[in-house]
Asker: 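One structure follows; several queries about it will come next.
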Amino acid sequence: MKANFRICSHCGTRNRLDKESCVKCGESLEGVKAGDAQPGKTSPSRFFVRSEGDQNQSLLVPLVSLLFLLGLAVAAWRQFQGPDAVSPLPTPALTPPPTLAPVLASSTPLEPGFQEYTEGMRALRGGDLTRAVQLLRQAVAAVNKAEYRLGLAEALEKSGSSEAALAEYEAVVGLSAQNVRYLQEWAKALHRAGRDSEAMSAFEAALLIDPDNLAAARELADLYLKAKDFDKARPKFERIVSLQPNDLAAKQRLAEALDATRDFEGAAQQYRDILAVVPGAALTRALLSEVLMKQGKPQEALQLIEEGLQRDANAGVLYREKGRILDRQGRGSEAVAAYRDYIRLAPGATDLRTFAARIEQLTPPVAQ
């Protein structure tokens with residue numbers, strides 16, 4: 001069957017027989033036979049013939065050819081230059097340009113008073129109290145915020161304005177009454193000002209909100225112990241020790257409270273627990289010996305003291321307790337020797353006059 005088309009030798013487009021030139025590239029079709037390209041020429045696209053008028057002509061052949069030629073060129077260039085001539089492409093920077101950060105920072109408005117508060121706290125930490133008070137007052141004037149007032153309270157207290165500082169601490173609590181940290185700061189400020197009963201109330205308020213707050217419980221218990229309110233101190237220390245059984249300082253204070261409330265067995269057990277961990281704790285050993293004497297166990301108390309002196313022969317407090325035990329047993333001369341060792345080893349003790357007087361009482365007058 002005779003073909004009814006002619007193929008352009010330049011672009012490979014199929015054309016009708018009545019066309020004088022290619023409908024795609026315009027090349028002359030003169031002499032091109034039906035079904036074939038011009039004589040003596042080979043169509044570069046003979047394997048990818050397109051029909052006449054097809055607007056989506058294939059680019060595969062020219063693209064493949066171009067890539068092939070490009071590959072040959074690169075290979076030849078690398079061979080000519082050598083392996084060291086090719087450098088890796090630089091990794092693009094992932095950080096924003098240096099001008100971006102200031103633009104972003106300036107576009108975010110600061111909270112009112114924040115800059116004054118920040119600069120005021122910096123001045124406070126640096127010891128510039130006058131500037132700190134001034135800036136923090138400005139911050140509070142801008143926004144009545146608890147954290148700003150807390151900073152101002154601290155600055156006022158450190159600058160010597162105790163009453164003004166307490167007023168600020170109280171204002172802080174007024175703004176956030178359920179904040180345990182604010183209550184604690186107010187309580188500690190009251191204690192520093194010598195207003196311990198008010199400090200106790202503030203600590204109690206903090207513990208109502210957070211019963212397991214050990215810091216508040218410890219400070220409150222110490223205040224009760226200082227005030228000799230042992231009935232209130234005891235449960236606080238018991239709570240602390242139950243939560244932190246390895247807290248030896250809390251155990252010793254608990255033992256003092258137990259002793260004061262006449263729970264001698266409980267006190268002795270706390271002291272023994274401490275000595276089991278720190279056998280060289282001379283004060284704890286002396287306090288335990290006192291409890292044993294109250295329990296009517298002088299020999300056990302004396303043995304406890306002698307064991308301590310074997311560990312540390314220069315522990316003045318143990319000689320004091322030894323003298324007391326011997327004195328109660330009516331062993332005057334031995335008690336005097338122990339008291340003298342105490343005075344020699346503890347020259348700064350506040351009770352030296354008491355024991356010096358006792359030595360005089362126990363020492364028989366020299367015969368004339």
Side-chain angles (χ1 to χ4, degrees), residues 113 116-118 120-244 247 249-254 256-257 260-261:
E116 292 82 357
Y117 170 73
T118 304
M121 293 303 293
R122 188 180 297 117
L124 176 59
R125 303 299 176 232
D128 190 349
L129 299 179
T130 301
R131 177 170 170 76
V133 170
Q134 178 185 5
L135 287 167
L136 290 168
R137 283 193 186 281
Q138 292 175 7
V140 170
V143 178
N144 188 23
K145 190 174 181 179
E147 199 67 22
Y148 294 178
R149 282 192 174 274
L150 184 63
L152 176 58
E154 183 182 349
L156 288 168
E157 185 178 4
K158 288 186 176 179
S159 64
S161 302
S162 178
E163 289 303 316
L166 286 175
E168 290 299 328
Y169 281 117
E170 188 172 4
V172 169
V173 174
L175 290 171
S176 186
Q178 296 300 306
N179 189 304
V180 174
R181 181 170 70 93
Y182 294 159
L183 283 165
Q184 284 182 262
E185 293 300 327
W186 184 32
K188 288 187 283 188
L190 288 166
H191 171 56
R192 290 190 294 266
R195 294 161 60 172
D196 283 355
S197 60
E198 295 173 79
M200 293 174 192
S201 297
F203 278 126
E204 289 284 12
L207 288 171
L208 284 175
I209 299 170
D210 183 7
D212 293 339
N213 188 314
L214 293 179
R218 190 185 308 276
E219 296 197 59
L220 177 58
D222 283 340
L223 285 176
Y224 283 140
L225 202 63
K226 176 185 173 184
K228 299 188 183 304
D229 193 342
F230 302 110
D231 287 327
K232 289 184 178 178
R234 174 175 172 171
K236 301 299 181 189
F237 283 122
E238 287 174 337
R239 179 64 173 163
I240 295 169
V241 170
S242 70
L243 293 173
Q244 290 191 333
D247 188 336
K251 275 182 172 290
Q252 182 138 320
R253 289 180 173 83
L254 172 57
E256 292 178 41
T261 54

Asker: With sequence neighbours excluded, what pairs up with Glu256 under the side chain to side chain donor-acceptor pair (under 3.5 Å) test?
Answerer: none
Asker: Going by side-chain contact (heavy atoms from CB on, under 4.5 Å), His191 matches just one of Leu223, Leu220, Asp222. Which one?
Answerer: Leu223
Asker: Evaluate the side-chain proximity of Arg131 to Leu124: yes if any heavy-atom separation is below 4.5 Å, no if none is.
Answerer: no
Asker: Does Ser176 use its side chain to pair, donor to acceptor, with the backbone of Val172 at less than 3.5 Å?
Answerer: no
Asker: Sorted by first residue and then second, give each salt bridge (Lys or Arg N to Asp or Glu O under 4.0 Å) pair with at least one member in residues 132-146; sequence neighbours left out.
Answerer: Glu111-Lys145
Asker: Tell me every residue that passes side chain to side chain donor-acceptor pair (under 3.5 Å) with Ser162, counting only those two or more places apart in sequence or in another chain.
Answerer: none
Asker: What distance separates Asp196 CG from Phe203 CZ, expressed to the nearest 0.5 Å?
Answerer: 9.5 Å
Asker: My understanding is that only residues two or more places apart in sequence, or in another chain, count here; which of them pass ring-ring contact (aromatic ring centres under 6.0 Å, His included) with Tyr148?
Answerer: Tyr117
Asker: Grab the two heavy atoms, one from Ala155 and one from Ala132, that are nearest each other, plus how far apart they are.
Answerer: CB-CB, 4.3 Å
Asker: For residues Phe237 and Ala250, report the shortest heavy-atom separation together with the two atoms involved.
Answerer: CD2-O, 4.2 Å
Asker: When Tyr169 is tested against each of Glu185, Glu157, Glu154 for side chain to side chain donor-acceptor pair (under 3.5 Å), which residue passes?
Answerer: Glu157
Asker: Is there side-chain contact between Arg234 and Arg253, with at least one heavy-atom pair below 4.5 Å?
Answerer: no
Asker: Which atoms form the tightest heavy-atom contact between Lys236 and Ala217, and what is the distance?
Answerer: CB-O, 4.3 Å
Asker: Atom CE in Met200, atom NZ in Lys226: separation rounded to 0.5 Å?
Answerer: 8.0 Å
Asker: Identify the two heavy atoms, one from Val173 and one from Tyr182, that lie closest to each other, and give their separation to 0.1 Å.
Answerer: CG2-O, 3.8 Å
Asker: Salt bridge check: are Glu198 and Lys188 linked by an N-O gap of less than 4.0 Å?
Answerer: no
Asker: Between Leu183 and Asn179, is a side chain to side chain contact (heavy atoms under 4.5 Å, CB included) present by the stated rule, with each step listed?
Answerer: CA-CA 7 Å; Leu183 283 165; Asn179 189 304; over 6 Å; no
Asker: Could you tell me which residues satisfy side chain to side chain donor-acceptor pair (under 3.5 Å) with Lys232, sequence neighbours excluded, listed by chain and number?
Answerer: none
Asker: Using the side-chain contact (heavy atoms from CB on, under 4.5 Å) rule, pick out the option among Asp247, Leu225, Val241 that qualifies with Leu254.
Answerer: Val241
Asker: Determine, stepwise, if the pair Leu214 / Arg239 fulfils side chain to side chain contact (heavy atoms under 4.5 Å, CB included).
Answerer: CA-CA 9 Å; Leu214 293 179; Arg239 179 64 173 163; 5.7 Å; no
Asker: Where is the tightest heavy-atom contact between Leu190 and Ala202, given as atom of each residue plus distance?
Answerer: CD1-CB, 4.4 Å
Asker: Given salt bridge (Lys or Arg N to Asp or Glu O under 4.0 Å), test Asp128 with Arg122 step by step and report yes or no.
Answerer: CA-CA 9 Å; Asp128 190 349; Arg122 188 180 297 117; over 6 Å; no
Asker: Hey, what do you get for CD1 (Ile240) to CG (Asp212), rounding to the nearest 0.5 Å?
Answerer: 11.0 Å
Asker: Under the salt bridge (Lys or Arg N to Asp or Glu O under 4.0 Å) definition, can you give me all pairs with a residue in residues 165-183, not counting sequence neighbours?
Answerer: Glu147-Arg181, Arg149-Glu168
Asker: If every non-hydrogen atom of Asn213 is compared with every non-hydrogen atom of Ala216, which pair is closest and at what distance?
Answerer: OD1-N, 3.0 Å
Asker: The test is side chain to side chain contact (heavy atoms under 4.5 Å, CB included); show your working for Leu156 and Glu163 and say whether it passes.
Answerer: CA-CA 9 Å; Leu156 288 168; Glu163 289 303 316; over 6 Å; no
Asker: With a 4.5 Å cut-off on side-chain heavy atoms, are Val133 and Ser159 touching?
Answerer: yes
Asker: Measuring from atom CD1 of Ile209 to atom CD of Gln184, what distance do you get when rounded to the nearest 0.5 angstrom?
Answerer: 10.0 Å
